[in-house]
Enquirer: 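Got a structure here, written out as structure tokens. Questions coming.
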Number of protein chains: 2
Amino acid sequence: MNYPNGRKTAIAAEENTSDKLKVSASNRGMSLEDDINKTNIRYLKEDLAVVHKKPTPITIVKVDYPKRSAARIIEAYFKLPSTTDYNGIYKGRYLDFEAKECRSRTAFPLKSIHEHQIEHLRSVVRHGAIAFLIMRMSYYSVDYLIKAEDVIDYYDHTSRHSIAIGWIKEHGYPIDFKLTKPVDYLSVVDKIYKF
Amino acid sequence: MNYPNGRKTAIAAEENTSDKLKVSASNRGMSLEDDINKTNIRYLKEDLAVVHKKPTPITIVKVDYPKRSAARIIEAYFKLPSTTDYNGIYKGRYLDFEAKECRSRTAFPLKSIHEHQIEHLRSVVRHGAIAFLIMRMSYYSVDYLIKAEDVIDYYDHTSRHSIAIGWIKEHGYPIDFKLTKPVDYLSVVDKIYKF
């Protein structure tokens, strides 16, 4: 297949990955994942960065191949992710992050971040990545960027099962909401990392 | 969950993603994907690089939630990938590649690389990535690394539907087979890219 304009095609395919974008009348009330996807598509359009969400990892057990139609997966299971959900490239640097929503007013339960994901963040930081956590505090309607280094440090030195909201406010950087970029995390990255 | 040694746990999880590794008696005859996974696990163990295969993108339509057991996907379809299959970080640089097997003796059909993947490679190269194609020529039992820049240049200036084996031999760099690293692409990366 040859399309006249490849880049637009790639962006269109990306947009198709989240059907919810089309039916939502307002940007408010969308999930953090939708908002980050929308932001990433915008970054791609503006040629600012190339960041994608990784597909959900699943184990496929049984596939049906009906005549004249597409292969259909009829038995599969969700698998624990061994990495974070998002990665890509920005200003020549490798970027890696995980996104989490916290509905509690007081604390974020640590069990929401898998051990594998902490270890993955530890590895990529050691190799020179810009790595962080994006946390949406739904109750307060605010998104924070927290450096992976800080999350790992907390993780390594606590015996608690959660992160108190006070700690998050102290170590997190609030992320601006913009209509075209609902989670404009790169403007925070520009401020807190050296290039 | 807190494990005494996080890194080993993360690697164990990664190893579990490819069950074929365990049942195969010999390294020969394994698929290119298996060989690259094995190589990436080794890189991870040696703390040389952090590179993972992205999960296969699928659209989930129906999920069954049986009592007391794991959620079961009972209807899903394969989706066209909008990016390449592999990315990660090496010596601080963003690494991105696609892997393809070619069974033909004479040429590699261009339709095996999706337009979206070419456009993705074009984007990441523009942003400073180390990006390439790993091509296994099964008939000749040899793996080549071909720079994304060369693949894109060929793609942009050809009206043909395939890449002749002569072109691949001329532009590709043969990748060594090692028992512990069946597709040791980083040793080629070290030779042909500047750090």
Side-chain angles (χ1 to χ4, degrees), chain A residues 1-3 5-11 13-14 16-17 44 47-50 52 54-61 63 70-83 87-96 110-111 114-120 122-124 126-129 155, chain B residues 1-3 5-11 13-14 16-17 19 44 47-50 52 54-61 63 70-83 87-96 110-111 114-120 122-124 126-129:
Chain A
M1 284 185 296
N2 270 301
Y3 298 98
N5 186 324
R7 244 191 98 225
K8 275 190 187 154
T9 312
I11 291 167
E14 188 70 3
N16 276 332
T17 59
L44 206 57
D47 204 23
L48 252 178
V50 185
H52 292 270
K54 293 188 185 177
T56 306
I58 61 160
T59 305
I60 298 168
V61 177
V63 183
R72 183 183 185 181
I73 299 158
I74 53 171
E75 189 182 351
Y77 300 92
F78 294 101
K79 213 156 60 172
L80 264 192
S82 49
T83 68
N87 72 0
I89 185 168
Y90 176 54
K91 293 187 179 171
R93 295 282 294 275
Y94 174 84
L95 207 81
D96 196 300
L110 265 182
K111 69 170 175 353
H114 301 298
E115 168 80 13
H116 295 152
Q117 296 181 315
I118 293 282
E119 296 317 318
H120 174 75
R122 205 191 293 276
S123 292
V124 296
R126 201 168 47 233
H127 285 268
Y155 192 88
Chain B
M1 284 182 294
N2 270 301
Y3 297 100
N5 186 324
R7 248 192 93 224
K8 277 192 186 152
T9 313
I11 292 166
E14 188 70 4
N16 278 331
T17 59
D19 288 331
L44 207 57
D47 204 21
L48 253 178
V50 185
H52 291 270
K54 293 187 184 177
T56 306
I58 61 160
T59 306
I60 297 168
V61 177
V63 183
R72 184 184 185 177
I73 299 158
I74 53 171
E75 188 181 352
Y77 299 90
F78 294 101
K79 213 157 60 173
L80 264 192
S82 49
T83 68
N87 72 0
I89 185 169
Y90 176 54
K91 292 185 179 171
R93 294 283 293 277
Y94 174 84
L95 207 81
D96 195 301
L110 265 181
K111 69 170 175 357
H114 302 298
E115 169 81 12
H116 295 152
Q117 296 182 315
I118 293 282
E119 296 317 318
H120 174 74
R122 204 190 295 276
S123 292
V124 296
R126 199 168 49 233
H127 285 269

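Convention: sequence-line order gives letters A, B, ...; per-chain numbering from 1.
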Enquirer: If you take all heavy atoms of H127(B) and A49(A), which pair is closest and at what distance?
Expert: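 Nearest pair, atom of H127(B) first, then A49(A): CE1-N, 3.7 Å.
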Enquirer: For the pair Y94(B) and Y94(A), name the ring-plane relationship: parallel under 30°, tilted 30 to 60°, perpendicular over 60°.
Expert: parallel
Enquirer: Go through the atoms of L48(A) and report whether side chain, backbone, both or neither lie under 4.5 Å from a heavy atom of chain B.
Expert: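 Just the backbone, heavy atoms under 4.5 Å.
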Enquirer: About how many Å separate NZ of K54(A) and CG of N87(B), when rounded to the nearest 0.5 Å?
Expert: 6.0 Å
Enquirer: Quick one: what part of V61(A) sits under 4.5 Å from any heavy atom of chain B, side chain, backbone, both or neither?
Expert: neither
Enquirer: Quick check on T56(B) against chain A: is it the side chain, the backbone, both or neither that has a heavy atom closer than 4.5 Å?
Expert: backbone
Enquirer: Heavy-atom pairs under 4.5 Å with chain A: which of G128(B), P55(B), A70(B) has the most?
Expert: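 So the answer, after comparing G128(B), P55(B), A70(B), is P55(B).
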Enquirer: Below 4.5 Å, heavy-atom pairs only: which of Q117(B), R72(B), R93(B) has the largest tally toward chain A?
Expert: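 Between Q117(B), R72(B), R93(B), the count favours R72(B).
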Enquirer: Among I89(B), I118(B), L95(B), V63(B), which residue forms the greatest number of heavy-atom pairs with chain A at distances under 4.5 Å?
Expert: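 Winner by heavy-atom pair count: I89(B).
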Enquirer: Provide the closest heavy-atom pair for A71(A) versus Y77(B) in the form atom of the first, atom of the second, distance.
Expert: O-CD2, 3.4 Å
Enquirer: Using a cut-off of under 4.5 Å on heavy-atom pairs, state which of P81(B), G88(B), A76(B), G92(B) scores highest against chain A.
Expert: A76(B)
